[in-house]
Amino acid sequence: MKIPYRDLSIKNLILRKELLQAVNRVLSHGRIILGPEVRQFEKQLMQFCQKKYAIGVNSGTDALYLALRSLNIGPGDEVITTPLSWIATVNAIAVCGATPVFVDISEDLNINVDLIEAAITPKTKVILPVHFTGKLCNILRIMEIAAKHDIFVVEDSAQSFGAHINGAMAGSFGHINCFSMNPMKVLCSYGESGAVVTDDEHLYQKIMSLRYAGTVNKENCYYPSLNDRIDTIQAAMILVNLKYLTKKIELRRKIAKFYTQALKDVVICPEEDDSSHVYYSYTIIAEKRDELKEYLCSKGIETKIQHPILMPYHTAYRHLSKFSIPVAESLVNKILCVPNEENLTFKQANYVVNCIKEFYGAC
Ligand SMILES: Cc1ncc(COP(=O)(O)O)c(C=O)c1O
């Protein structure tokens with residue numbers, strides 16, 4: 001049996017038809033740049049996240065960059081974040097000229113909130129937590145810490161669209177909240193795209209301006225910036241996917257439940273608490289991870305390590321001062337994402353389980 005980690009081709013013919021119709025509509029009305037679907041997408045996002053403002057942008061990376069720029073984050077400022085994320089998280093901080101400060105993670109792979117206050121200095125301007133793997137970090141506690149120290153929170157919700165705590169959505173807690181809708185994401189487009197949401201009108205106006213070369217009324221440049229607009233075609237396709245989001249998350253949660261029940265005595269499985277996990281990835285913590293990965297590959301099962309290099313250890317960040325991140329250093333050698341997309345069949349999921357058990361001699 002061959003099981004890819006993610007198959008991005010569209011097999012569902014109804015969905016494919018709806019996506020093509022959405023593209024066709026854009027090609028017909030011709031408002032290719034910031035067409036009506038962009039505003040529609042932004043409005044639906046506002047409703048979904050219960051926020052006053054939403055701005056479609058052309059990637060999750062740009063969403064983070066624009067969020068930090070709108071807060072005037074720059075040289076001399078410190079931004080607290082996790083060491084375990086896609087490198088875009090720290091790149092956004094560094095490209096603004098600020099200094100990233102890495103706080104260790106817990107076993108749930110999210111930033112350890114108990115360690116945040118010790119990392120706050122007079123230079124700290126922002127806490128930038130990531131809801132890693134699609135599981136909410138302890139964002140309520142982070143908001144309390146931020147309020148106490150009068151600093152901003154920019155949520156990196158790139159992996160967690162649809163996750164919530166009692167109905168309060170990932171991306172609705174921070175002062176500014178950033179999403180990626182790239183094709184790997186739970187709510188996805190078919191190219192690069194992302195979004196920012198906020199309740200703050202001033203920040204909204206500033207991000208709107210920064211999104212298009214820092215201009216006001218599309219002409220006069222107030223703040224040097226880049227072109228970060230979302231394509232109308234991508235917005236139109238996300239709108240189609242939004243209709244199927246609940247079902248998609250439900251299916252992913254079902255697969256996760258099956259995996260956890262079958263594997264909990266063999267490897268460490270993602271734990272659910274009162275927050276809802278959308279399983280952007282189903283990431284296990286496994287002893288002999290590299291051998292397991294190789295074994296699964298020999299059985300036709302593709303897996304991923306997200307991410308094999310902790311952000312402070314990328315070449316670009318080795319000059320930063322040393323951080324105490326022992327948990328991240330240990331877990332980065334044990335994490336493994338197994339196939340969990342919504343159209344995985346029960347037979348395939350069962351095969352993955354049996355191969356993992358076989359590897360550990362637990363059949
Ligand atoms: C946690 C996290 N932050 C930021 C990003 C960047 O998003 P994009 O790829 O849309 O630029 C990603 C994308 O994988 C991500 O996983």
Side-chain angles (χ1 to χ4, degrees), residues 5-6 8 41 45 54-69 79-96 100 102-103 105 108-111 126-137 139 142 153-163 170-171 173-174 176-197 207 210-211 226-231 233-235 237-238 241 252 270 277-283 304-312 314 316-317 328 332 335 337 340-341:
Y5 180 66
R6 286 267 190 282
L8 296 181
F41 160 61
L45 209 56
I55 305 143
V57 297
N58 63 6
S59 70
T61 309
D62 289 31
L64 291 166
Y65 170 72
L66 294 176
L68 295 173
R69 279 287 310 275
V79 178
I80 291 177
T81 193
T82 167
L84 180 61
S85 180
W86 170 231
I87 196 67
T89 307
V90 71
N91 280 351
I93 299 168
V95 169
C96 286
F102 297 102
V103 166
I105 57 171
D108 72 350
L109 307 179
N110 277 322
I111 193 165
V126 175
I127 305 173
L128 202 171
V130 178
H131 304 298
F132 197 61
T133 71
K135 182 186 193 301
L136 279 161
C137 66
I139 188 69
I142 290 174
V153 174
V154 172
E155 266 178 87
D156 183 342
S157 309
Q159 303 189 354
S160 59
F161 195 91
F173 300 93
I176 313 183
N177 311 287
C178 302
F179 298 103
S180 163
M181 277 89 183
N182 81 24
M184 297 289 279
K185 296 297 184 282
V186 180
L187 176 65
C188 69
S189 60
Y190 298 89
E192 305 291 348
S193 63
V196 182
V197 298
I207 294 168
L210 289 166
R211 175 174 77 167
L226 303 173
N227 179 2
D228 303 297
R229 295 176 299 185
I230 187 172
D231 288 340
I233 284 178
Q234 296 306 336
M237 293 169 102
I238 298 170
N241 280 335
R252 287 204 180 195
H277 196 322
V278 290
Y279 295 100
Y280 164 68
S281 63
Y282 186 90
T283 303
K304 290 259 182 261
I305 300 168
Q306 281 175 341
H307 295 280
I309 308 175
L310 294 174
M311 295 194 295
H314 281 253
Y317 297 107
V332 77
I335 49 176
C337 312
N340 74 322
E341 61 190 344

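For the numbers below, each heavy atom of this structure counts, side chains included, while hydrogens, waters and symmetry mates do not. When a ligand or atom number is given, it counts from 1 through the structure's own listing order.
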Does D108 have any side chain to side chain donor-acceptor pair (under 3.5 Å) partners at least two apart in sequence or in another chain, and if so, which?
->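 So D108 forms no side chain to side chain donor-acceptor pair (under 3.5 Å) with any residue.
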
Counterpart residues, side chain to side chain contact (heavy atoms under 4.5 Å, CB included), relative to P270 (two or more places apart) |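 Scan of P270 (side chain to side chain contact (heavy atoms under 4.5 Å, CB included), adjacent residues dropped) gives H277, Y279, Y282.
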
For D62, enumerate each residue passing the side chain to side chain contact (heavy atoms under 4.5 Å, CB included) test, keeping only those at least two apart in sequence or located in another chain.
->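 For D62 the side chain to side chain contact (heavy atoms under 4.5 Å, CB included) partners, ignoring immediate neighbours, are N58, S59, D228.
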
Minimum-distance pair of heavy atoms, taken over all atoms of Q234 and S193 |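 Answer, listing the atom of Q234 first, then S193: CB-CB, 4.3 Å.
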
Hey, what's the ring geometry for F179 with F161, parallel, tilted or perpendicular (30° and 60° as the breaks)?
->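 It falls in the perpendicular class, over 60°.
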
Short N or O separations between ligand 1 and the protein, below 3.5 Å:
unit_1: ligand 1; atom_1: 3 (N); unit_2: D156; atom_2: OD1; d: 3.2
unit_1: ligand 1; atom_1: 3 (N); unit_2: D156; atom_2: OD2; d: 2.7
unit_1: ligand 1; atom_1: 7 (O); unit_2: S180; atom_2: OG; d: 3.4
unit_1: ligand 1; atom_1: 9 (O); unit_2: N182; atom_2: ND2; d: 3.0
unit_1: ligand 1; atom_1: 10 (O); unit_2: G60; atom_2: N; d: 2.7
unit_1: ligand 1; atom_1: 10 (O); unit_2: S180; atom_2: OG; d: 2.7
unit_1: ligand 1; atom_1: 11 (O); unit_2: G60; atom_2: N; d: 3.3
unit_1: ligand 1; atom_1: 11 (O); unit_2: T61; atom_2: N; d: 2.9
unit_1: ligand 1; atom_1: 11 (O); unit_2: T61; atom_2: OG1; d: 2.5
unit_1: ligand 1; atom_1: 14 (O); unit_2: K185; atom_2: NZ; d: 2.6
unit_1: ligand 1; atom_1: 16 (O); unit_2: Q159; atom_2: NE2; d: 2.9

For N177 and G171, indicate whether the former's side chain and the latter's backbone hold a donor-acceptor pair under 3.5 Å.
->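 Yes, the answer is positive, given that a donor and an acceptor are paired below the 3.5 Å cut-off.
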
